[in-house]
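Structure first, commentary second.
Per chain, numbering begins at 1; letters A, B, ... match sequence-line order.
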2 protein chains.
Amino acid sequence: MKGRKRVLVLGATGSIGRSALDVIRNAPDRFEVAALTAHRDANGLAALAAEFGGVRTLLTGDASADTIADFIGSVDADIAVNGIAGAAGLEPSRICLESGKDLALANKETIVMAGPLIRTLAEARNRRLIPVDSEHSAVFSLINAHGSDAVESVILTASGGPFRTWSRERLSSVTPEDALKHPTWAMGAKITIDSATMANKGLEVIEACRLFDLPGERVRVVVHPESMVHSFIRTRDGELYAQLSKPDMRHPIAAALNWPQILPNHLEPFDPEALGTLHFEPPRREDFPLLGMAYRSAAMGGGYTIAFNAANEIAVAAFLERRISFIGIAETVARVLEKDWSAPIENFGAVAETDRRARSEASESIQGENSW
Amino acid sequence: MKGRKRVLVLGATGSIGRSALDVIRNAPDRFEVAALTAHRDANGLAALAAEFGGVRTLLTGDASADTIADFIGSVDADIAVNGIAGAAGLEPSRICLESGKDLALANKETIVMAGPLIRTLAEARNRRLIPVDSEHSAVFSLINAHGSDAVESVILTASGGPFRTWSRERLSSVTPEDALKHPTWAMGAKITIDSATMANKGLEVIEACRLFDLPGERVRVVVHPESMVHSFIRTRDGELYAQLSKPDMRHPIAAALNWPQILPNHLEPFDPEALGTLHFEPPRREDFPLLGMAYRSAAMGGGYTIAFNAANEIAVAAFLERRISFIGIAETVARVLEKDWSAPIENFGAVAETDRRARSEASESIQGENSW
């Protein structure tokens, strides 16, 4: 019998990290924790380390980039779950692959910012990139099942966020408190705001294009408020195939950790009766313009997707600090995307430099608006 | 390049036959009609024969069993679409396989009555059995995609028929006119009544057990009035996978004729937005008892599924002739199933004999009730 899979959990005290540890906790015959990292929650990290037999840990909030790289590189693990939020997740993704670990990737910025570089690296090291967010996990399973040659397009579902039915006027007065109420998923603040603006779905469109080698025309979005259907593929014969389960991140995490095997897990299976009523509707592209900007960024190539992501991160932070309005998030990103980001991104240094420049443009743009 | 597939269409003037011919008509590079049969519609058959280049035809209504067998056996075809309604479809299915044709099977009675014999025959002749009704076509595609080892259970969707929401009291006064109004599918009278009683879903449960080698516990039914989700599988990891398209029999027919290839067709692809609102609910087993009887027949084995089907055919005919009530259909089948049908069914002769005996029991039972 092959031994247990050794799992490095990056961002262990966050929503993805805790879900991953619950999957590991409930399949001790298959998985063991190799090491854990957290950003600032020292007590939470210590408690988890104790539970999982005193494994090595690193608190990354005050650590240097070199310290983090050395730690991740030195961990003996078969697979890493990257549950780090935002652009900060890219460098750990790179080091995981460099040091020979498969990568279960919840950090979509890794692909949005550096998809081609990361995929080239994974191929060079013969490591697997397995998406962990619910939509891409569904698409990954569906494409693996049906074969990429049979797939005509991918349709990502979007909850539509808390403002799906709000009028355009009402959207202009959204507060951070309004935006932090997500209808179906309990997640961190950044991704919850991104869900409310549909920037999150935009990032997922870019991720799907980069992960599955599809042009934007073959990646579509349908709003589905119940989040039961995680995504669809449409095959060449016009049939739709969907993956469904309760909205619970432990499903895609279990799928990624078990991959390529399909194995039972401790999660309660649910019956199709429990689907109840499901709704599907087109996204309101005019009122949630970040979705369209993401498509255009994906089509433009170069550094545009890096700029989209960086500008959005800065703008969301500014919104949470009440420095800009909810619709100001999209306005900020739009202003940053008006700059020229067409230079090709040929290495991770160019990714970092483009990211820095876009953040700086976004911050300046926000200060410029506020100084009026 | 391989030549076009030559298709024999059995029941060419019926709903399945005409849908099959529409698929063939729109892919003349892939398919050609080898021959056509119809039951009684001589004019319809002649018109179709003329359209498809004067192909051979047989009107089966007045033909002897030997004439039909000789005709089917002598047709040079790669695949036959069996769209014959009811138990009359079994013998043609057998002859198609005997004479070396793959079988695209819309006639579920073939499997309900003689599943093990037909599958043994198909394997012996190295011919394919491809289900054509929408539910089993969906399950067939899903199992082919995900692999049978990954499948924990199959969940067939049921429209629930026109009486899904009717009270038990109201069900006792259903007329043939009420029952012939199907909410989503336009089909023949027999299958429409079967849909209203849920006997059709019962037959499909038996068919799924026999086609996919599953015990009844692993074949479930969920009511889904919109008929957009054609069926689900649940994989061992608890995920549900569904196939969806507009309710149009040309989809599963095209899938069967193209199998094992997944090829574009002339049918309008539909977007997930067009799904609108979908409902799922448990079947009302107490008020539609034929579903439970089908499960019990599948579990009992022997000739029980033959008896279930035969008794139901006789009872539906009696209902359409106003000799028994709507709820009398289930009562008739229940009385027939009380007899002993446990003798093993070892050859097609035993199938025919059991079928005859069950029809006779059902007719007697109906006469007995009416003579009170």
Side-chain angles (χ1 to χ4, degrees), chain A residues 137-138 141-142 144-147 149-153 155-157 220-224 226 228-232 234-246 248 250-252 254-255 258 261-283, chain B residues 137-138 141-142 144-147 149-153 155-157 220-224 226 228-246 248 251-252 254-255 258 261-283:
Chain A
S137 173
S141 294
L142 287 163
N144 282 336
H146 293 266
D149 287 351
V151 177
E152 180 253 324
S153 59
I155 304 108
L156 304 176
T157 50
R220 302 178 52 229
V221 171
V222 66
V223 171
H224 165 49
E226 295 84 4
M228 291 281 196
V229 175
H230 300 313
S231 279
F232 299 90
R234 188 156 71 191
T235 47
R236 295 179 67 204
D237 54 357
E239 300 291 337
L240 292 175
Y241 292 93
Q243 188 202 58
L244 307 90
S245 57
K246 276 191 194 159
D248 180 335
R250 294 175 299 176
H251 279 288
N258 282 311
Q261 291 185 284
I262 307 288
L263 295 174
N265 54 46
H266 72 293
L267 304 170
E268 193 190 354
F270 90 127
D271 297 329
E273 288 99 286
L275 291 169
T277 304
L278 304 181
H279 298 86
F280 301 89
E281 62 192 37
Chain B
S137 173
S141 294
L142 288 163
N144 282 336
H146 292 266
D149 286 350
V151 177
E152 180 253 324
S153 59
I155 303 106
L156 304 176
T157 50
R220 303 179 51 229
V221 171
V222 66
V223 171
H224 165 50
E226 294 85 5
M228 290 280 196
V229 175
H230 300 313
S231 278
F232 299 89
I233 59 167
R234 187 156 71 190
T235 48
R236 295 180 67 205
D237 55 357
E239 301 291 337
L240 291 174
Y241 291 93
Q243 188 202 57
L244 306 90
S245 57
K246 276 190 195 159
D248 180 335
H251 279 289
N258 283 310
Q261 291 185 283
I262 308 288
L263 295 174
N265 54 46
H266 71 293
L267 304 169
E268 192 190 354
F270 91 127
D271 297 330
E273 288 98 288
L275 292 169
T277 304
L278 304 181
H279 298 86
F280 300 89
E281 60 192 39

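No other option in B:Glu281, B:Arg234, B:Glu152 has as many heavy-atom pairs under 4.5 Å with chain A as B:Arg234. For the options A:Asn144, A:Asp149, A:Thr235, A:Ile155, heavy-atom pairs under 4.5 Å to chain B are most numerous at A:Ile155. In terms of non-hydrogen atom pairs under 4.5 Å with chain B, the most contact-rich of A:Leu142, A:Asn258, A:Asp237 is A:Asp237. Across A:Pro272, A:Pro269, A:Pro264, the residue that shares the most heavy-atom pairs under 4.5 angstrom with chain B is A:Pro272. When the candidates B:Val229, B:Val222, B:Asp271 are compared by the number of heavy-atom contacts under 4.5 Å with chain A, B:Asp271 comes out ahead. Per-residue counts of heavy-atom pairs under 4.5 Å with chain A were compared for B:Val223, B:Asn265, B:Leu263; the largest is that of B:Leu263. Listed options B:Gly238, B:Ala274, B:Ser245, B:Ala255 were ranked by heavy-atom pairs under 4.5 angstrom with chain A; first place goes to B:Ser245. Note: A:Gln243 leads A:Glu268, A:Gln243, A:His279 in heavy-atom pairs under 4.5 Å with chain B.
Of all non-hydrogen atoms in A:Glu239 and B:Leu244, the two that sit nearest each other are OE1-O, 3.6 Å.
Put simply, the side chain of B:Ile262 does not reach to within 4.5 Å of the side chain of A:His146, judged on heavy atoms.
Considering CD of A:Gln261 and CZ of B:Arg236, their distance stands at 8.5 Å, rounded to 0.5 Å. Distance check: A:Leu275 CG to B:His224 NE2 gives 9.5 Å after rounding to the nearest 0.5 Å.
B:Tyr241 touches chain A through backbone and side chain together, each having a heavy atom under 4.5 Å away. Interface residue B:Ala242: backbone and side-chain heavy atoms are both found under 4.5 Å from chain A.
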